[in-house]
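One structure is given here, and the rest of the page talks about it.
Lettering follows sequence order; numbering is per chain, from 1. Bear in mind the structure is a predicted one, so any value in this text is a computation, not a measurement.
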Amino acid sequence: MPAPDPAEDLPEQMRVRRSKRDRLLAEGREPYPVTVARSASLKEIREKYASLPTDTPSGDTVSTGGRVIFIRNGGKLAFATLRDGDGTELQAMLSLDKVGEQALSDWKHLVDLGDIVSVSGEVITSKRGELSVLADSWSMSAKALRPLPVAHKPLSEETRVRQRYVDLIVRPQARDTVRTRATVVRALRESLFHRNFLEVETPMLQLLHGGAAARPFVTHSNALDTDLYLRIAPELFLKRAVVGGIDRVFEINRNFRNEGIDSTHSPEFAMLEAYQAYADYNVMQQQVREWIQEAAFAVAGSHIVTHYDGTELDLSGEWPSVTLFGSLSAALGEEVTVDTDRTQLARYAEKHDLSVDPKWGPGKLAEELFEHLVQHTLQTPTFVRDYPEETAPLTRAHRETPGLTEKWDLYVMGIELATAYSELVDPVVQRERLVAQSLLAAGGDPEAMQLDEDFLRAMEYGMPPSGGMGMGIDRLLMALTGLGIRETILFPLVRPE
RNA sequence: GCGCCGCUAGCUCAAUUGGCAGAGCAGCGGACUCUUAAUCCGCGGGUUGUAGGUUCAAGUCCUACGCGGCGCACCA
């Protein structure tokens, strides 16, 4: 039996488009030419002839083009709306008396929605005032073999994510989001650059698992014959850089965490992490606020951003600070501190239907209570300060209150957007904390860090007192746009179809 | 990982109690020289996510699996 012709199984509309491609080839016309005439972009034409009055020829001839997104064919006059990559739209007109019978008929029979076409002709305005190119000739720039989805019904969320290229074609907001993200990342780089931070790139393939509490992805190096971890954080390398005298250092790059995927978590996520010698968590708090405000201004021209659903989020001015235990006490209606014992905290947890892991110490339990009771209430930006030592092994002890650390988390819209520490720089204390972590790891805790002797050796050379911070870029986009994390990531990981 | 909901034409969605699988847009043929989600006439387009089962009869009921969404758990 001969191999089945794959075209036989195609949906009707794809067969039709393939046959149009075949016809172009048969007639010696290239469906995918290496180059097409293009003297101006649609945007340039729109800008140059913005004030051309209704029903007026400009006298100027251009070659331009774009993707066909809307077709209105008449008997002796055809209209098509073309769209360029930047979203600019312009009408093409093909009339019998300009292009002739053959070219007009070819246009009507060979051009489909979604094709990218080129037209050459005079810039005019139609009788209805629409700026147009009245074609003398047209040619195919790229024949689309798949039909475009309906322009006026939203694509299902799954198709939007799986076929982002289609989403980008049909949904202007999808293209906006790409631009907004680029604007935010550039604004952050400029904010740090102007404060004399140096951008570096540190290893993404790491021999040891550390820098945060998270489950890593594991991969393998054939050359080294050893397993490697995709990094969960750049922290331990950026601190090595500070030890070496790179006093203000940052990295914007991806981290990988082998954990749950939901509307606020992606297995690979972009993060800004920055360290500053001779700073502490108070300095970082001021700066992070400024960086976020500068990013907001770059996007919205204001410190008040408007989400796609119309909600306004006010990021202006100073942002409130609360303490972890203070906010938790207020939510419980009972005074709790870092000294409140575990039994008492467990009673509060039970009272609020929070299941308690027996492995949790009092610090972890207090943090869980906070996440359960307080976190979702923090819609406008709020710094939550002073976390228990138990949950922050890389953070310096609080300068006033024993048992606490100098760490804050920034919450916006109920999600954790950023975190910062006064960094732990005492190599002896750091070793104690990491040994404790490695014992947890050896005991089977998949999130605990391994003992990084090289990191400790670096610390033993002396790290200046420093502030450090980390912020999820995807989450910053969420805060600025109101979108879900999968909309802020151009090509999020999805299961195979 | 657990629970709930969904999966039907290229896209977005209907289909009553289990009783002929439909619409809009898109597509094909035709008409139309100023259209703007054009209009008019005509015509095609389906392994109803996959594999089983029950039944005279399954898009519909049952089982398993796949994919997605939401909630819970873990995390940023």
- Task: Quick one: sort the A/Y229 and A/H209 rings into parallel, tilted or perpendicular, breaks at 30° and 60°.
- Result: tilted
Taking the [atom1] atom in each of [N] and [M], what is the distance between them to the nearest angstrom?
N     : M     : atom1 : value
B/G3  : B/G18 : C1'   : 28 Å
B/G52 : B/G59 : P     : 15 Å
B/C5  : B/C61 : P     : 11 Å
B/C41 : B/C25 : P     : 12 Å
B/G45 : B/G22 : C1'   : 13 Å
B/A14 : B/C34 : C1'   : 37 Å
B/G19 : B/A73 : P     : 42 Å
B/A21 : B/A57 : P     : 15 Å

Within the distance-only criterion (no hydrogens, no angle test), does the side chain of [X] pair as donor or acceptor with the backbone N or O of [Y] below 3.5 angstrom?
X      : Y      : answer
A/D84  : A/G66  : no
A/R231 : A/F256 : no
A/K143 : A/I116 : no
A/S191 : A/A187 : yes
A/T377 : A/V374 : yes

- Message: Can you tell whether the side chains of A/K76 and A/D97 come within less than 4.0 Å, N to carboxylate O?
- Response: no
- Message: With a 4.0 Å cut-off on N to O distance, would you call A/R433 and A/E389 a salt bridge?
- Response: yes
Between atom [atom1] in [X] and atom [atom2] in [N], what is the gap in whole Å?
X      : N     : atom1 : atom2 : answer
A/D97  : B/C34 : CG    : C1'   : 12 Å
A/I71  : B/C32 : CD1   : P     : 19 Å
A/F269 : B/C74 : CZ    : C1'   : 14 Å
A/R162 : B/C7  : CZ    : P     : 17 Å
A/I69  : B/A37 : CD1   : P     : 11 Å
A/Q163 : B/C67 : CD    : P     : 17 Å
A/E371 : B/A76 : CD    : P     : 8 Å
A/K108 : B/C28 : NZ    : P     : 13 Å

- Message: A/R385 and side-chain hydrogen bond (donor to acceptor under 3.5 Å, both in side chains): which single residue from A/T323, A/D409, A/T405, A/N282 fits?
- Response: A/N282
Check nucleotides 12-14 of chain B against the protein and report each pair of N or O atoms closer than 3.5 Å, with its distance, or say if there are none.
unit_1: B/U12; atom_1: OP1; unit_2: A/S156; atom_2: N; d: 2.9
unit_1: B/U12; atom_1: OP1; unit_2: A/S156; atom_2: OG; d: 3.1

- Message: Taking atom types as they are modelled, would you say the side chain of A/E12 forms a donor-acceptor pair with the base of B/G45 within the 3.5 Å cutoff?
- Response: no
For the side chain of [X], starting at C-beta, report the closest nucleotide among [options].
X      : options             : value
A/K76  : B/C32, B/C74, B/G27 : B/C32
A/E416 : B/A76, B/G27, B/C74 : B/A76
A/S126 : B/C74, B/C34, B/G45 : B/C34
A/R486 : B/C70, B/U33, B/G27 : B/C70
A/R257 : B/A76, B/C11, B/A26 : B/A76
A/P147 : B/C74, B/A76, B/G10 : B/G10

Using a heavy-atom cut-off of 4.0 Å across all strands, would you classify [X] as base, sugar-phosphate, or nothing?
X      : answer
A/H109 : sugar-phosphate
A/M14  : nothing
A/N255 : nothing
A/G472 : nothing
A/A212 : nothing
A/Q375 : nothing
A/L113 : sugar-phosphate

- Item | Phosphate OP1/OP2 of B/U39: any A/R72 side-chain N/O under 4.0 Å | no
- Any A/K127 side-chain N or O less than 4.0 Å from OP1/OP2 of B/C34: no
- Item | Most 5' of A/P149 and A/L77 on RNA chain B, judged by nearest nucleotide | A/P149
- Task: Select from A/T125 and A/P267 the residue whose nearest nucleotide in RNA chain B is closer to the 5' end of that strand.
- Result: A/T125
- Message: Pair A/W291, A/F197 - check ring pair (Phe, Tyr, Trp, His ring centres under 6.0 Å), show working.
- Response: CA-CA 13 Å; A/W291 298 342; A/F197 281 80; 5.7 Å; yes
- Message: Wobble G-U and Watson-Crick pairs count when both distances are under 3.5 Å; given that, what is the 5' to 3' dot-bracket string of RNA chain B, with | for pairing to other strands?
- Response: (((((((..((((.....[..)))).(((((.......))))).....(((((..]....))))))))))))....
- A/Y387 ring centre to A/K407 NZ or CZ under 6.0 Å, with the angle to the axis within 45°? yes
- Task: Measure centre to centre between the rings of A/Y165 and A/F491, then say whether the value is under 6.0 Å.
- Result: no
